[in-house]
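First comes the structure, then the notes that go with it.
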Protein chains: 2
Amino acid sequence: MTTSTPARRLGTTDSQSRTRLLDAAERLLVEEGYAAVTSRRVAAEAGLKPQLVHYYFRTMDDLFAETFRRRAEANLERFERAVAADGSLHTLWRLSTDARGAVFTTEFVALANHRKAIRAEIARYAERFRTVQLAALAAAMDARGVSEHMPPEVAQLLMTGLGQIMALEGALGVTTGHDAAVAYVDAAIARLEGDG
Amino acid sequence: MTTSTPARRLGTTDSQSRTRLLDAAERLLVEEGYAAVTSRRVAAEAGLKPQLVHYYFRTMDDLFAETFRRRAEANLERFERAVAADGSLHTLWRLSTDARGAVFTTEFVALANHRKAIRAEIARYAERFRTVQLAALAAAMDARGVSEHMPPEVAQLLMTGLGQIMALEGALGVTTGHDAAVAYVDAAIARLEGDG
DNA sequence: GTCTATACTTCGATAGAC
DNA sequence: GTCTATCGAAGTATAGAC
């Protein structure tokens, strides 16, 4: 059984060139923004011919979607592994302040704004991530008996929002209050983790 | 006295065409993302010829910078006017949850990531806004005597981060916990504003 | 299965006409 | 002071050679 719409052939998923193109796309995206991710630049970054982008990924939208999917999946696995090893509030907070992850997220949200094909993909992942994150946070908060003071969903948004904005501002070189915020959260967590 | 580098002539700042181009650029930016802001599309949106973009703004970077500057200035004025009329915590919180403002910010932060010329402009404005916002927040918190429980700079980041992430997620259709977060913050503020 | 030759479109920018 | 004619570079994508 073949594809229903035979349009044009595509390269295999396990090809080395394909992986290099994905790596190149991700690098460009994070370092120079989504507008820098063009077929020509991606190919140059990967040391390949521009046309190969269209051989392995029919359209640029497909390349974007696949780049996102691959990183999103890796992030989710990394999160779950880290939490499985140590589900403390401290770990959850540390995972919220990863700068590279925040840049990646911002870039894709901006991208979703003008590439409707990517939008659904990103929204689906966002929901998924939020679900596992909320479960982990709720568990950690319940263990400390603080879920009554603040609903875990609210704590989740505060924590994620804080991490996101510090990463965003950090990329701009604006860091007013960042140290104070980190110190404040660290102290609050230490207090909670302390009186078990 | 003329310009030191006479490169090429530019249209006047008060031209109507110029204003229409800026309006068009801003509309495209917010509605379709920065990659949609091309000389041709901006001109079409404004009902003008593409070359006029380069007449009124030498380069696309100049157009972006001017679009940002104009909106940033307006935002700052709007903020200061609102706070002057009512500097309550409620007002400050409401101003942090403006969706259109957040989309604008996100788009420009992503843009700054790959247009170094814009970056400095954005960073400068970010600092400026944060300064007046912090002053207003510190005043409001001092008036309620809550600055001891949480440094205003920390409250500022939490508030801004929460507003930002809700706007970001809202644009994607992800709204888990948003209502709960708004209710939580509203209740907290009501409690504080209540016992004057 | 892998890649190249090539078509067609849109981009930013400048020089010069009105 | 305002706008048009036009260029060269870069963009996505396809058909077909190896």
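In this text, all values refer to a predicted model and were calculated from it rather than measured experimentally. The sequence lines fix the lettering, A, B, ..., with proteins before strands; numbering per chain opens at 1.
A close approach under 4.0 Å does not occur between any side-chain nitrogen or oxygen of Thr59(B) and OP1 or OP2 of dG12(C). Distances shown here put every side-chain N or O of Tyr55(B) at or beyond 4.0 Å from the OP1 or OP2 atom of dC3(D).
Nearest-nucleotide positions on DNA chain D for Thr12(B) and Arg40(B) put Thr12(B) closer to the 5' end.
When rounded to the nearest whole Å, the span between CG of Leu48(A) and C1' of dT2(C) equals 11 Å. Here the P atom of nucleotide dA13(C) and the CG atom of Leu21(B) are 14 Å apart, to the nearest Å. In this structure, the CG atom of Leu63(B) is 14 Å from the P atom of dC11(C), given to the nearest Å. Taking atom NZ on Lys49(A) and atom C1' on dT6(C), their separation rounds to 13 Å, with Å as the unit. Taking atom CG on Leu10(B) and atom P on dA15(C), their separation rounds to 13 Å, with Å as the unit. Going from atom CE of Met60(A) over to atom P of dA10(D) covers 16 Å, rounded to whole Å. The CD atom of Gln16(B) sits 18 Å away from the P atom of dG1(D) (whole-angstrom rounding). As rounded to whole Å, 14 Å separates atom C1' of dC18(C) from atom CG of Leu52(B).
Judged purely by atom type and a 3.5 angstrom limit, Glu121(A) has no side-chain atom pairing as donor or acceptor with the backbone of Arg69(A). A donor-acceptor contact shorter than 3.5 Å is absent between the side chain of Gln156(A) and the backbone of Gln133(A).
Contact annotation for Ser39(B): base contact, defined as any heavy-atom pair under 4.0 Å involving a base atom.
Side chain of Thr38(A), nearest nucleotide from dG1(D), dG11(D), dT14(D): dG11(D).
A donor-acceptor contact under 3.5 Å is not formed by the side chain of Gln51(A) with the base of dA13(D).
One side chain, His178(A) or Glu169(A), offers a donor N or O that lies under 3.5 Å from an acceptor on the other. If you check the side chains of Ser88(B) and Thr91(B), you find a donor sitting under 3.5 Å from an acceptor.
Among Tyr34(B), Phe68(B), Tyr125(B), the single residue meeting the ring pair (Phe, Tyr, Trp, His ring centres under 6.0 Å) criterion with Phe108(B) is Phe68(B).
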